[in-house]
Amino acid sequence: MTHLDFSVNVDHVATLRNARGGAFPCPVEAARIAVEAGADGVTMHLREDRRHIRDADVERVRAEVAAPLNFEMAATEEMVAFAERIRPSYCCLVPEKRAELTTEGGLDVLRAGPFLAQAIDRLRAAEVRVSIFIEADPAQIEAAARIGAQAIELHTGTYAEGPVAGRSAQLARLKAGAVAARAAGLLCHAGHGLSYDTVGPIAAMPEVTEVSIGHFLISQSVFDGLAAVVRRFRRLMDEARTP
Ligand code: PXP
């Protein structure tokens with residue numbers, strides 16, 4: 001089976017830092033430790049209100065961490081211009097509402113205005129690969145391919161955070177989405193809400209090429225240490241992916 005890339009989202013290291021207004025703990029240092037412990041890449045979401053990650057954090061990860069950066073952002077003029085300048089490996093386009101606690105759902109590609117396609121064209125011209133965070137809905141997946149995305153990121157939140165009794169139905173929906181994505185010529189990423197308990201069945205899907213994990217991973221690190229948590233996730237994913 002193909003290697004599953006594991007991208008560690010360090011946003012909530014910045015949440016902790018910002019709680020006291022200083023420089024500690026540093027999300028760039030967290031990114032370095034995660035990569036040393038076996039992560040394949042780093043994810044950062046620069047939100048409009050800069051509630052966790054700040055511009056300088058992203059610039060420093062680009063300059064100081066030798067691993068692919070998956071840069072999550074809303075498709076706005078401000079963020080597209082920022083991404084054109086820092087040129088991450090991937091831009092993951094997400095919907096963003098100022099009042100939400102976290103990204104609440106996938107991007108609605110079918111109802112997006114003309115700026116989404118322009119944003120994708122500009123990012124691709126800057127040699128940034130584009131993924132779109134969407135629900136596992138075949139119509140959305142086809143629309144993402146049509147509009148020029150090279151990957152989608154399947155929203156795993158309903159599966160991972162919903163009732164345990166509903167998980168097998170949610171997994172079937174995600175599997176169908178992953179198959180549809182690959183059939184449409186897209187790479188298939190997955191993320192949101194994943195934990196030790198829920199990552200295995202996602203990693204076991206051969207169509208999924210990358211997972212990104214943040215909140216649980218950073219929270220568990222308070223108890224066990226970041227490197228140990230990254231290593232345990234890596235092991236769980238490798239075991240699930242071994243036929
Ligand atoms: N993927 C996307 C597009 C996200 O917005 C987030 C949350 O920032 C994640 C993955 C990671 O989710 P979590 O922090 O719940 O692991």
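It should be emphasised that the depicted structure is a prediction, and the values quoted were computed from it without experimental measurement. Values below: every heavy atom of this structure, side chains too, minus hydrogens, waters and symmetry copies. Atoms within a ligand are numbered from 1 in the order they appear, just like the ligands themselves.
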Tell me the salt bridge (charged side-chain N to carboxylate O under 4.0 Å, His left out) pairs involving residues 208-228, sequence neighbours left out?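 Output for this query is empty, none listed.
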Salt bridge (charged side-chain N to carboxylate O under 4.0 Å, His left out): which pairs involve residues 174-194, sequence neighbours left out? Lys175-Glu207
Does a donor on one side chain and an acceptor on the other come within less than 3.5 Å for Gln170 and Arg173?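 Yes.
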Checking side-chain polar atoms at under 3.5 Å, does Thr43 have a donor or acceptor matched by the opposite partner on Asn70? yes
Any protein N or O within less than 3.5 Å of an N or O in ligand 1? List each pair with its distance, or say none.
residue: ligand 1; atom: 1 (N); partner: Glu72; partner atom: OE2; Å: 3.3
residue: ligand 1; atom: 1 (N); partner: Glu153; partner atom: OE2; Å: 2.4
residue: ligand 1; atom: 5 (O); partner: Glu72; partner atom: OE1; Å: 3.2
residue: ligand 1; atom: 5 (O); partner: Thr103; partner atom: OG1; Å: 2.9
residue: ligand 1; atom: 14 (O); partner: His215; partner atom: N; Å: 2.8
residue: ligand 1; atom: 15 (O); partner: Gly193; partner atom: N; Å: 2.8
residue: ligand 1; atom: 16 (O); partner: Gly214; partner atom: N; Å: 2.8
residue: ligand 1; atom: 16 (O); partner: His215; partner atom: N; Å: 3.4

Flag yes if Ile147 and Leu186 sit in one hydrophobic cluster, no otherwise; membership is Ile, Leu, Val, Met, Phe, Trp, Tyr, and two members link when side-chain heavy atoms are under 4.5 Å apart. yes
Tell me, which pairs form a side chain to side chain donor-acceptor pair (under 3.5 Å) where one or both residues lie in residues 77-95, sequence neighbours left out?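 Found Arg50-Glu78, Glu59-Arg85, Glu77-Arg122, Glu84-Arg122, Arg87-Glu127.
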